[in-house]
Amino acid sequence: MSDPRPVIADIREGRGLTEAGAPLIARGLSDGSVSDAQAGAFAMAVLLRGTGAAGRVALTRAMRDSGDVLRWNLPGPVLDKHSTGGIGDSVSLILAPVLAACGAYVPMISGRGLGHTGGTLDKLEAIEGFRVDLDEAALRKVVGEAGCAIVAANRQLAPADARLYAIRDESGSVESLDLITASILSKKLAAGIEGLVLDVKCGSGAFSRDRASARALAEALVATANDVGCKTTALIIDMDQPLADAAGNALEIRAVIAAFQSGQGALFELSLSLAEDCLALAGLAPESARAAFASGKAAEHFARMVAAQGGPRDLLEHPDRYLPRAPVVLPVPAPAAGFVGAIETTALGQSVVRLGGGRLHSADRIDPAVGLAALARIGVPVAAGEPLAFVHAADADGAERAVLAVQAAYRIDLAPPPAEPLIRERITRHG
């Protein structure tokens, strides 16, 4: 069978996606034999009727196999992590070196900023000389030398997803749980990983603002990945406030360096928890993650990765030599005394985008120096006029607009709110 129309009709009529239909669609997406109209009809049918659990597994496997699938011969497990996005979320930059320091290997394929959330590749490119576009030979060399690499996807890995991703955007079918799951996992699994830990956000700064939708996505990802043959677990993470005290590319690299040096803060704690879960999946000692921080081995692997991908060897010792600084820095005064009661975290991310630290359109250029720093966290006491944050901007007008936007994003209460855990839930199903 080479005609995709019966496959689309089966989904439209509620019969799901079959083991035979999924490869036909994936091959057709990658070689062009499925037209744009057929691809759009397929995506809309899946959005409205679903693939079924078995169909989701079949689609993920077929999209993974639509291009190259890397094979590794290394003296340790090959592991990875995926996040659904967030503000101040630089966990990947900490987690990959921690896993490498514990004996694993991490060929992490990451993305750029999407909407109000920052992109791992954009953050790394704030480092002078850092290269994310590596071919397969260079990727293998960096992973072998540093234990980890963080790179952009190439056209050879999961090409069916690259085309379907654009079709979903144009056809209004981005929200499909089945297609989101297949998209995320096909790219990750094409890198040849053996274990995967997922960081699924919920809250005011997340794409899944409520816990129920975050749980549904986490459960679909965990079940599908395990059924395809990759041991996977997920954490549902609070995104009602930024993970780090900074948002913006160079500013978040500084936050990462501070986390390596201090071993404190929400960014550090989440990185540690995800590392422990990922090591446990691979049969390695979870407690070795904390030891890797304490001994400095994790920071050493981060420095090796930066140097191996074209960055400076002494970034950790001299960050100001290699990270840009914005020319205008303004405080954001608290409008009243009290406690930080809530933060509209998406608004903070949008402020960074408007400053030039993110993209409104795919062709937009990013200013790596701009963003927000010293962000006050929920529950802390503040005095009237005391800074809630500092805006780093390219010019005074942009800085003043950002100050007003950040003020509006913070709610000041007379009493502190109840403390909420960073990790809301753990989703595990070992296949």
Side-chain angles (χ1 to χ4, degrees), residues 85-91 113 115-118 122-123 126 201 203-206 238-259 262 264-268 270 319-320 323-358 366-413 416-417 419-420 422:
I87 310 301
D89 180 1
S90 302
V91 167
H116 65 277
T117 66
D122 299 322
K123 296 167 192 178
K201 306 289 198 315
S204 69
D238 169 47
M239 189 34 63
D240 278 331
Q241 60 182 324
L243 273 178
D245 67 353
N249 298 297
L251 293 169
E252 289 189 51
I253 296 293
R254 288 188 166 89
V256 166
I257 294 171
S262 70
Q264 295 180 352
L267 185 63
F268 166 80
L270 178 56
D320 288 338
L323 294 171
R325 285 189 176 276
V328 179
V329 179
L330 289 182
V332 179
F339 297 84
V340 176
I343 303 171
E344 180 47 55
T345 311
T346 291
L348 296 184
Q350 291 168 340
S351 294
V352 174
V353 173
R354 286 192 291 269
L355 284 166
I366 279 183
D367 183 342
V370 301
L372 310 174
L375 290 158
R377 299 190 66 76
I378 290 175
V380 303
V382 292
E386 179 182 343
L388 294 169
F390 286 86
V391 170
H392 293 239
D395 56 63
D397 287 345
E400 289 167 2
R401 288 193 294 270
V403 165
L404 295 176
V406 174
Q407 275 184 327
Y410 273 81
R411 191 185 80 209
I412 308 301
D413 293 340
E420 295 285 352
L422 176 61

Run the numbers on I253 and I257 for side chain to side chain contact (heavy atoms under 4.5 Å, CB included), then give the verdict. CA-CA 6 Å; I253 296 293; I257 294 171; 4.2 Å; yes

Is there a side-chain contact between V332 and P387, using heavy atoms and a 4.5 Å cut-off? no

Heavy-atom side-chain contact between Y410 and I378 under 4.5 Å: no

Which atom pair, heavy atoms only, marks the closest approach of L355 to G398? CD2-O, 3.7 Å

Distance, nearest 0.5 Å, that separates CZ of R377 from CG of L388: 14.0 Å

With the side chain counted from C-beta on, respond yes when R254 and L323 share a heavy-atom pair under 4.5 Å apart, and no when they do not. yes

Rounded to the nearest 0.5 Å, what separates atom CD1 in I87 from atom OG1 in T346? 6.0 Å

Which heavy atom of V352 sits nearest a heavy atom of A247, and at what distance? CG2-O, 3.6 Å

For a quick test of reading the model, state the closest non-hydrogen atom pair linking A369 to A326 and the distance between them. CB-N, 3.6 Å

With salt bridge (Lys or Arg N to Asp or Glu O under 4.0 Å) as the rule and sequence neighbours excluded, what pairs involving residues 333-357 come up? R209-E344

Checking side chain to side chain contact (heavy atoms under 4.5 Å, CB included) for the pair F339/V382: CA distance, chi angles, key distance, verdict? CA-CA 6 Å; F339 297 84; V382 292; over 6 Å; no

Distance (rounded to the nearest 0.5 Å) between I343 CD1 and D240 CG: 9.0 Å

Quick one: closest heavy-atom pair of L348 and A409, and the distance? CD2-CB, 3.8 Å

CZ-CG distance between F390 and L372, expressed to the nearest 0.5 angstrom: 12.0 Å

H392 and L251: CA distance, side-chain angles, deciding distance, side chain to side chain contact (heavy atoms under 4.5 Å, CB included) verdict: CA-CA 9 Å; H392 293 239; L251 293 169; 3.9 Å; yes

Report yes if some heavy atom in the side chain of L422 is under 4.5 Å from a heavy atom in the side chain of L270; otherwise report no. yes

Decide yes or no for P333 and Q407: does some side-chain heavy atom of the first lie under 4.5 Å from some side-chain heavy atom of the second? yes

Test side chain to side chain contact (heavy atoms under 4.5 Å, CB included) on M239 and T345; report intermediate values, then the result. CA-CA 7 Å; M239 189 34 63; T345 311; 4.1 Å; yes

Whether D320 and R325 form a salt bridge (side-chain N of Lys/Arg under 4.0 Å from carboxylate O of Asp/Glu) is what I want to check. yes

Any salt bridge linking D238 with K201? Criterion: basic side-chain nitrogen under 4.0 Å from a carboxylate oxygen. no

Drop me the distance from L375's CG to D245's CG, to the nearest 0.5 angstrom. 6.5 Å

Calculate, to the nearest 0.5 Å, the distance between atoms CZ and OG belonging to R401 and S351 respectively. 11.0 Å

Taking every non-hydrogen atom, the tightest pair across G88 and L243: O-CB, 3.4 Å

Exercise: identify the closest heavy-atom pair between A389 and V406: CB-CG1, 4.3 Å

